[in-house]
Number of protein chains: 2
Amino acid sequence: MIFEVKEKFDNIRISKLKINDIEIETPIFMPVGTQATVKTLSSDDVWNLGYKLILVNSYHLYLQPGEEIIKSFGGVKNFMNWNGLLLSDSGGFQVLSLSDIREIRDDGVLFKSFIDGSTHLFTPEYIVKFQEILGVDIMMTLDICPPYGIDEEELRKFTNLSIDWARRGKSVKEEGKGYLFAVLQGGLNLNLRLKALEELEKIDFPGYGIGGLSIGEPWEKTKELLQNFVKNMPENKPRYFMGLGDPISIMDAIEAGVDMFDCVYPTRVARNRTLLTKYGKLRITKSEYKFDERPIEEECDCYTCKNFSRGYLHHLFKAKEILAPRLATIHNLRFMHNFMENLRESIKRKNYFDFRRNFEKNYLNKYYE
Amino acid sequence: MIFEVKEKFDNIRISKLKINDIEIETPIFMPVGTQATVKTLSSDDVWNLGYKLILVNSYHLYLQPGEEIIKSFGGVKNFMNWNGLLLSDSGGFQVLSLSDIREIRDDGVLFKSFIDGSTHLFTPEYIVKFQEILGVDIMMTLDICPPYGIDEEELRKFTNLSIDWARRGKSVKEEGKGYLFAVLQGGLNLNLRLKALEELEKIDFPGYGIGGLSIGEPWEKTKELLQNFVKNMPENKPRYFMGLGDPISIMDAIEAGVDMFDCVYPTRVARNRTLLTKYGKLRITKSEYKFDERPIEEECDCYTCKNFSRGYLHHLFKAKEILAPRLATIHNLRFMHNFMENLRESIKRKNYFDFRRNFEKNYLNKYYE
């Protein structure tokens with residue numbers, strides 16, 4: 001893995017991330033392919049939207065199709081026929097949010113499958129081995145995400161547990177099978193985050209996930225934390241904010257020095273009939289779009305905008321056609337791709353703040369509300 | 001419209017159907033785009049599968065998005081961005097099978113919308129006008145499909161009503177707005193069918209739909225009726241069996257001289273996890289496909305088979321991913337396209353009966369059951 005910061009002003013950076021023969025420019029947004037598909041899309045649909053790096057969820061793939069099948073297919077890239085790069089999360093977040101948790105123990109987390117109720121144990125060691133079987137390029141250490149508002153002692157406990165699990169994860173990591181990033185916890189506590197960073201840096205990871213944020217806390221506090229914290233992270237390693245997809249929040253994070261983002265946001269709202277445009281969010285099922293012959297966005301270069309009208313999309317959603325979420329997903333992912341590309345261009349042209357001002361003026365204008 | 005029989009042996013025929021600049025060879029199978037989309041697919045997905053003529057349902061489009069919207073978009077081709085040919089049914093069949101019918105009257109059929117319970121009247125005149133608004137190339141007259149097993153007097157009554165409605169439909173048909181085919185009823189009664197044909201030929205239509213068959217009656221009886229009836233239909237006009245999609249039954253009908261077919265069968269079973277192959281129907285959710293790295297069908301040239309394994313499709317269906325019905329639909333429609341193409345080729349090469357024997361040997365071998 002090569003990671004090089006190419007340009008920088010204030011804390012904002014443009015970097016090159018190269019793994020195998022695939023080169024990516026950060027800051028970057030990664031679509032989420034939870035169950036080995038970005039919902040409604042095939043792998044080359046996603047590639048053709050301009051993405052070279054996507055995320056899959058360990059927790060879901062562990063439960064379905066499961067380790068044996070993925071191993072037998074030689075990894076999830078073969079399984080889903082994805083020729084780009086792949087990042088997997090550790091499943092820690094999903095265990096807490098989707099499972100009936102049985103127990104958080106020192107050696108891992110015991111949970112019940114949401115599919116059949118069976119009991120499973122994720123240990124920090126196993127989850128690294130599992131991600132090696134997935135065959136991803138970037139994997140994450142098992143962590144516990146402390147809920148917002150937890151008391152300081154508990155926060156400290158889970159943060160330290162996540163550090164311990166990162167250490168144990170690294171101890172079994174096999175050379176040559178992807179790169180293991182550690183997940184940083186610490187809630188909104190700057191000192192705790194800095195302490196965690198120091199500990200993790202002693203162990204030495206090639207990159208860091210910033211976890212436990214954007215989970216219900218006020219964004220202004222997160223923004224402040226990011227401004228104070230991210231600049232202390234190692235300059236020559238990728239900084240990945242886990243689970244952020246709102247364009248405005250992404251810009252806040254980029255200004256603090258973050259490089260990578262993922263979120264189900266653009267794909268989930270697409271299936272829920274919300275289209276992202278430079279003029280804000282367009283709720284396509286509103287009756288005002290029934291007769292609308294315009295594309296979702298005049299300037300958009302996506303397949304959906306080039307071929308179909310708002311009126312047709314309105315009809316497809318009303319008629320509950322499967323094509324509707326697909327066409328909406330294609331648009332929203334292309335929107336995010338173009339947004340990130342324009343953002344990077346503005347950084348290179350040294351007019352990022354103009355870009356942001358202009359973007360916000362349009363995006364937050366409530367035109368479609 | 002140009003329709004020319006190019007080759008013929010026994011009752012089997014290869015014909016050229018040309019409308020505007022689009023030329024098609026029959027016998028042909030038409031996918032069904034009920035609500036202005038062949039379910040899971042966009043218009044160019046369908047075109048790229050090799051189809052140049054598809055069907056839309058008047059009944060569904062009348063209720064949603066409705067006449068005003070389609071008119072405003074300049075027809076359903078513009079609405080769905082379809083550059084091929086379009087055929088619409090009259091909605092008569094759907095009124096009977098999907099609605100709470102209020103009343104079959106001499107002047108039309110009164111029914112309740114399955115969407116909002118509102119009451120509507122389809123008259124034979126209106127339904128032709130509606131199809132003109134749809135802007136299709138081939139439209140059908142309003143008919144009443146008598147259920148299988150109805151008594152002879154009722155059968156006669158509905159058959160005669162359908163003839164009367166065909167006449168009334170033609171009386172309002174505007175020149176230059178598509179071609180109006182009449183729907184032939186008559187159940188399994190050969191004499192009644194021949195009488196209906198005689199009456200309709202006096203009115204003179206450019207093509208005929210054979211309705212009221214494959215609705216629950218024993219197929220052997222239908223096959224016998226087709227053998228005795230279809231050869232009496234005018235040689236120089238298309239013969240369209242409405243609602244037939246099973247390959248074996250299609251071959252029976254082609255041997256009787258039928259030219260056109262439509263059915264939701266390949267697309268509906270695809271969404272219901274059944275894949276059509278030359279070795280029969282493959283139920284992809286069976287556990288034996290979990291680890292199967294082969295495509296659905298080795299020899300198939302479809303996008304799904306060229307890119308994905310049975311194991312991946314199995315997983316997508318199990319995980320209830322929206323991509324699953326799409327990939328299955330792509331395969332099944334390509335299967336039907338290739339089946340029809342090979343069938344036509346065999347007719348031209350004068351080895352149709354070898355083709356059929358060989359196809360049946362594989363397709364009915366119960367290999368996947």
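Because only heavy atoms are used, hydrogens play no part in the values below, and waters and symmetry mates are left out as well, while side chains stay in.
- Contact tally against chain B (heavy-atom pairs below 4.5 Å) for A/Met80, A/His60, A/Lys318: the top residue is A/Met80.
- No more than 12 heavy atoms of other residues, nucleotides or ligands shown are found within 6.0 angstrom of CZ on B/Arg268.
- Judged by distance alone, the side chain of B/Asn81 and the main-chain N or O of A/Asn307 form a donor-acceptor pair under 3.5 Å.
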- Please step through side chain to side chain contact (heavy atoms under 4.5 Å, CB included) for the pair B/Thr40 and A/Glu321, ending with a clear verdict. CA-CA 7 Å; B/Thr40 78; A/Glu321 283 289 349; over 6 Å; no
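- The most heavy-atom pairs under 4.5 Å with chain B, out of A/Asn78, A/Thr37, A/Leu41, A/Thr34, come from A/Thr37.
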- Worked verdict on B/Asp44 versus A/Tyr303 for side chain to side chain contact (heavy atoms under 4.5 Å, CB included): CA-CA 11 Å; B/Asp44 63 345; A/Tyr303 170 78; 2.3 Å; yes
- Determine, step by step, whether B/Leu316 and A/Gln35 satisfy the side chain to side chain contact (heavy atoms under 4.5 Å, CB included) criterion, reporting the C-alpha distance in whole Å, the side-chain angles of both residues, the deciding distance to 0.1 Å, and the verdict. CA-CA 8 Å; B/Leu316 292 178; A/Gln35 303 188 113; over 6 Å; no
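- Around atom CZ of A/Phe93, no more than 12 heavy atoms belonging to other residues, nucleotides or ligands sit under 6.0 Å away.
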- Message: I'd like to know whether B/Leu323 forms a side chain to side chain contact (heavy atoms under 4.5 Å, CB included) with A/Ser42, so could you lay out the CA-CA distance, the side-chain angles of the two residues, the decisive distance to 0.1 Å, and finally the verdict.
- Response: CA-CA 7 Å; B/Leu323 184 59; A/Ser42 70; 4.1 Å; yes
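- Only the side chain of B/Ser309 comes within contact range of chain A, judged by heavy atoms closer than 4.5 Å.
- Of all heavy-atom pairs between A/Glu293 and B/Phe73, the closest is CG-CE2, 3.5 Å.
- The environment of NZ in A/Lys129 is crowded: more than 12 heavy-atom neighbours from other residues, nucleotides or ligands sit within 6.0 Å.
- Both the backbone and the side chain of B/Ala36 have a heavy atom closer than 4.5 Å to some heavy atom of chain A.
- Between chain A and the options B/Ser72, B/Ala324, B/Pro325, B/Ser43, heavy-atom pairs under 4.5 Å are most frequent for B/Ser72.
- Between the side chain of B/His315 and the main chain of A/Ile69, no donor-acceptor pair closer than 3.5 Å is present.
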